[in-house]
Amino acid sequence: MNYDFREIEAKWQKYWAENETFKASNNSDKPKFYALSMFPYPSGAGLHVGHPLGYIATDIYSRYKRHKGFNVLHPMGYDSFGLPAEQYAIQTGQHPAITTENNINRYREQLDQLGFSFDWSREVRTSDPKYYKWTQWIFIQLFNAWYNKKKDKAESIETLIAIFEKEGNASVEAACDDDTPSFGAADWNAYSEKEKQKILLKYRLTYLADTEVNWCPALGTVLANDEIVNGVSERGGHPVIRKKMTQWSMRITAYAQRLLDGLDKIDWPQPLKDSQTNWIGRSEGASVTFNVLPPTPSGGGGANARLTGDSSMIGILLDRAKEMRKNPTSAEDKLWQALRRKNLDVKFRRQHPVYKYIVDFICLEKKLIIEVDGEIHDYQLDKDAQRTLELEQKKGFTVIRFTNDEVISNLEAVIKKIEDVLSSLSTGEGWGGDNNDHPHQIEVFTTRPDTIFGVSFMTLAPEHELVSKITTPQQKAAVDAYVEATAKRSERDRMADVKTISGVFTGAYAEHPFTKEPIPIWIGDYVLASYGTGAVMAVPCGDQRDYDFAKHFNIDIPNIFEGVDISEEAFADKENTIIANSDFLNGLTCKEAMKKAISELEKIGHGKGKVNYRLRDAVFSRQRYWGEPFPVYYVDGMPQMIDEKYLPLELPEVEKYLPTETGEPPLGNATVWAWDTNKNEVVTNDLIDNKTVFPLELNTMPGWAGSSQYFNRYMDPHNDEAIFSPEAINYWQDVDLYIGGSEHATGHLLYSRFWQKFMFDMGYVPKDEFAQKLINQGMITGTSAFVYRELDSNKVYSKGLISGKNVVPIHADVSLVNASDELDVEAFKEWQPEYKDAEFILEDGKYIVGREVEKMSKSKYNVVNPDAICEEYGADSLRLYEMFLGPLEQSKPWNTAGITGVHSFLKKLWKLYANVSDKEPTADNLKTLHKTIKKVEEDIENFSFNTSVSTFMICVNELTSQKCTSKAILEPLAILVSPYAPHIAEELWERLGNTGSISVAPFPKFDSTYLVERSKEYPISFNGKMRFKLELPLDMGKDEIEAAVLAHEKTQAQLGGRTPKKVIVVPGKIVNIVG
RNA sequence: GCCUUGGUGGCGGAACUGGUAGACGCGCUGGAUUCAAAAUCCAGUUCCUUCGGGAGUGAGGGUUCGAUUCCCUCCCAAGGUACCA
């Protein structure tokens, strides 16, 4: 009786389907186990051999768990909304629902022939209205929720409204928009309904906002960051530009910290956790507020002229001022000390740039300048007079002058005079003081508050809102040109070109929060508007980019690190570094200085410790047809949710699947797409009166919407009353094992965790992480085959003959090549008729192809289809071979040739059962069986499926040579094999006389007594190298072993007369002789 | 650049907490069976070798009686990420 896999596999696939063998029950005395494979997008190309890898692994584990007595949930479904079906619809007019249905049917056929133990009764399809009803439902729940930071969880929006009504929003700590105004209870209650709605949108977990989005004109849609690769769309490689649009967003940032913390308690691969950690991008530091120094108040140079220093020469001025501050004359120093001691109610600065001069002392509030003159030369006198005139007449300052002598000999009189003048002057227009009445402030985020005294300039992103407000007239042209140039450059250019340093000075200055020194404000495109506050305090000595920028524009690079050379590059090391030249931070380590700097900033109200995240809120609108419609209509421009009881809101029919001529999303083509609030149904657009009939949302949801809770829906997939019943979710709890590709690391797997946490907060699910363990299966790559055609001739050379010849490799279809890399030349000629007349130069009578591992792709002719393999070798062979290829998580090349190995294993296995007897098993039989049980069980638990396949081979080889026919051995062996090769296992099980499916037979129990050995073949090594083996009893003691080994003739031969220095004996393991 | 994972025969890959490197399979070589082929079975297959043996897990060093395994430095490959302040 031959192993007729075709008949066997068809028979059992039919049996499983008819008997619903794998249907999971939502209540059982057995412990539960939920094993899940990521559901596929049903693409038109069907499955290739790479796709089932993860499914097979999940299936093996599911079947194993059934043998182990678990109630196993192992479902499958389809992520059936998506762009390809829509693109196809655009090209052909075929409705995406039809294409999708066809593809699903094809997928189902392919999956069925592989013998998976899916519970198909629970199948879900994200594009099915019965399914997306609940996607819409979750959207509504998110809309009706806000994030309470005090409780660190999401709550119903009702609780927020209640607070607003009672006390306004002063005490509310919520994840909300940055521009949320503050208001009291009275304000709130006085707001109109629309105003209230506007405010609430700033708090809701899904909200409408004008967002700068990645717009892809070619696809007519917005793309998420993870849908863009290298600045072009992942699909199609079309250019992407930045554009402002009103979009639905998901406030995932509210969950940033919890998404980070949750990673610690789930067993997911480290690289995946790392990329999520990276993506969330937490950094600790401080936010620091810099006041922007005001413009000069007087006329003359124009209202916006800057107080401090002429922009065209500020670099030189600042350098000189610094220099002069360091080297004051004795008179200057004396007066400076006195002014500081005197507590004059006003603040003086010294060596300060004003207009095109540097003045000795200045009080900005009073517009008073004090100059101390040294020996006066004639030429100097003229200049000073002109300077005084300019400053007094044109700039509105009061200038008083003293000589060095006056200051040194009669300081008190000098101070008296200054006090008199001060009291006579009115305070200026609210500039220069320390009060917080500056018209503009720049907030920055820094991870290095300890370097605050190293700040020598600030840089704003060109898109920063303050840029237009603070730029001086002199600099306006340059700044405008720069901003425009940056906007034109695509993200791609900006990214590609990181080496070019560019930027423009705005002409404006900020004031250092501690030293009160003016700091020039620049703009530069190395600062990103989308990260932090879009502004940085530049510390060139500590940050390489700041350093490069400073070097390029000749900006001062103060060194604030003790004993560190910064003449060549910035110094970024935080460990063992001592801060210097930093006032109260001097002598502290970076760590200490950070704390100190933050507390000092907090004292003067200029900053606070802050945690910043890279994670942005997720844009949730897509300008597509083939996606979930939003359950939203608009009244007076404000979004309204359709009541849950009228869901699902089904996708409307459209004539065309492209965006409308006016640039609206494809749903803009629908003629029946308006909401009647009386009838609570969709009606024709003609009826829109904005009284009872309103327009519906035209965007649809993104791809990840349908996949963010599907794993929970499987628990109760036909429930029309709820997304799932409390009983179902409380029984199944969460996914125990989730297997899928790593490409979903920062997409599906992050969004799903976010929604799960939200569902948890709202009390819908009992676990705030949906999958305890996750495994990323590796990619299966193709092994391409090449023939080599000589250039300018019609000759095609075999691989061994190409050296020295000018040949081009040409892909040959892998199905035309046999296991020995020989090409079927005739078949090749038939496949590519252009080579019909080509001369194939053979070696040893064969044409040998070249081989190379590449990604599986149609264009490389290396795609291997599982259908053909099932036909030739059977599903069990395919399943075994996919596992046998290598470790699950590793990427590995496919080579169909190797499948003969596992196929002949199955044939040998089959033969073993030809004459089953009731004979008592021998000790050898039992030993073989039990070591197999042990190894296979360990392997499955460790997801090391490749090694258990070889264990099976060893087992069958051994039992065959033992001529084992004993049922007591062969019956448990069938169960061991069953998770891997279920069809043959079922058949053998039945032939052994069992009725019913093998799938619930208990897993054989390992008994270690069968493995006990009497003796051991000791490896005898010399200096760690094994030289020969010696069989010795296991109960032999250390000394006896040593004696026995040393007495052996081979030992003596090895030693060659030398006496060993040392003999290491590890009983039961090894003997090592050193000498 | 940074983070992560890897690097073992012609190929895919084994090797538990440091203890016989190359299990298992493919391919290859030889043989049996056959009119022949397929299939099947048997033997061999890391490299070098003067057939005694010697070398060997990306490279170099270290710890150890003993290192694919632990430590240090470097090289290479794959995946993720990036003017992230």
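Quick note on labels: first sequence line is chain A, next is B, and so on, each numbered from 1.
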Judged by nearest nucleotide, the residue sitting upstream toward the 5' end of RNA chain B, M953(A) or Y531(A), is M953(A)
Fill in: P gap between G10(B) and C28(B), integer Å
16 Å
Using the C1' atoms only, state how far C51(B) lies from A77(B), rounded to an integer number of Å. 40 Å
- Query: So what does R1027(A) hit on the nucleic acid, given a heavy-atom distance under 4.0 Å: a base, only sugar-phosphate, or nothing?
  - Reply: sugar-phosphate
Quick note, N1072(A) side chain, CB onward, closest among G13(B), C41(B), C65(B) is C65(B)
Of the candidates G80(B), C26(B), C24(B), the side chain of S950(A) sits closest to C24(B)
What is the ring orientation for F553(A) with F549(A), classed by angle as parallel under 30°, tilted 30 to 60°, or perpendicular over 60°?
-> tilted
Partner of U81(B) under the Watson-Crick or G-U wobble criteria, both distances under 3.5 Å, comes out as G1(B)
**Request:** Please determine if a side-chain N or O atom of K907(A) lies less than 4.0 Å away from the OP1 or OP2 oxygen of U40(B).
**Result:** yes
### Task
Would you mind checking if E284(A) and R282(A) are paired as a salt bridge, meaning a charged N to carboxylate O distance below 4.0 Å?
yes
Q. Using a cut-off of 4.0 Å on non-hydrogen atoms, how would the nucleic acid contact of P269(A) be classed: base, sugar-phosphate, or nothing?
A. nothing
Q.
Does the plane of the ring in F290(A) sit parallel, tilted or perpendicular to the ring in H512(A)? Use 30° and 60° as the thresholds.
A. perpendicular
How far, in whole Å, is C26(B) from U20(B) if one measures between their C1' atoms? 25 Å
Does a side-chain N or O of S820(A) approach OP1 or OP2 of C28(B) to a distance below 4.0 Å, or not? yes
| query | Which word best sums up how the rings of Y3(A) and H903(A) line up, parallel for under 30°, tilted for 30 to 60°, or perpendicular for over 60°? | reply | tilted
Q.
Measuring only the C1' atom in each nucleotide, how far is C24(B) from G13(B)? A whole number of Å is fine.
A. 9 Å
| said: Tell me whether E852(A) is salt-bridged to K860(A), with the criterion being a basic N under 4.0 Å from an acidic carboxylate O. | reply: no
From CD1 of I899(A) across to C1' of G25(B) the rounded distance in Å is 12 Å
Mind checking if K934(A) touches a base, just sugar-phosphate, or nothing, with heavy atoms under 4.0 Å? nothing
Review point. What is the nucleic acid contact for K1029(A), judged by heavy atoms within less than 4.0 Å: base, sugar-phosphate only, or nothing?
Key: base
Per atom distances to the T947(A) side chain, the nearest of C65(B), A15(B), G80(B) is A15(B)
Report task. Please work out whether the ring planes of Y881(A) and F884(A) are parallel, tilted or perpendicular, with thresholds of 30° and 60°. Result -> tilted
In whole angstrom, give me the gap between the P atoms of C83(B) and U73(B).
-> 29 Å
Considering only heavy side-chain atoms of T446(A), the closest of C24(B), G13(B), A85(B) is A85(B)
| query | Would you find a donor on one side and an acceptor on the other, under 3.5 Å apart, between the side chain of T928(A) and the backbone of L959(A)? | reply | no
* Scan N957(A) against the nucleic acid and name what it touches under 4.0 Å (heavy atoms): base, sugar-phosphate only, or nothing. => sugar-phosphate
| field | Residue-phosphate contact under 4.0 Å: N946(A) side-chain N/O, G12(B) OP1/OP2 | value | no
Winner on side-chain proximity to L528(A), out of C84(B), C24(B), G13(B), is C84(B)
Taking the same atom, P, in U5(B) and in G25(B), what whole-Å distance lies between them?
32 Å
*asked:* Students often get this wrong, so: under 4.0 angstrom with heavy atoms, is S904(A) touching a base, only sugar-phosphate, or nothing?
replied: sugar-phosphate
Against the side chain of Q270(A), the closest entry in A85(B), G25(B), U4(B) is U4(B)
Discussion item. For a quick check of understanding: with a heavy-atom distance under 4.0 Å over all strands, which category does K1061(A) fall into, base, sugar-phosphate or nothing?
Written reply: nothing
Paired to C24(B) by Watson-Crick or G-U wobble criteria (both distances under 3.5 Å) is G12(B)
Against the side chain of P271(A), the closest entry in G25(B), G13(B), U5(B) is U5(B)
I want to check one thing: is the phosphate of G13(B), taken as OP1 and OP2, less than 4.0 Å away from some side-chain N or O of Q890(A)? yes
The residue, T951(A) or R545(A), whose nearest nucleotide of RNA chain B is more 5′ is T951(A)
Nearest-angstrom distance, P atom, U8(B) to G1(B): 23 Å
Whole-angstrom distance between G6(B) and A14(B), as gauged at atom P: 11 Å
With the side chain defined as heavy atoms from C-beta on, R614(A) is closest, among G54(B), C83(B), U81(B), to U81(B)
Testing A21(B), C26(B), U81(B) for proximity to the side chain of T900(A), the answer is C26(B)
Closest of C83(B), G12(B), C28(B) to the L885(A) side chain is G12(B)
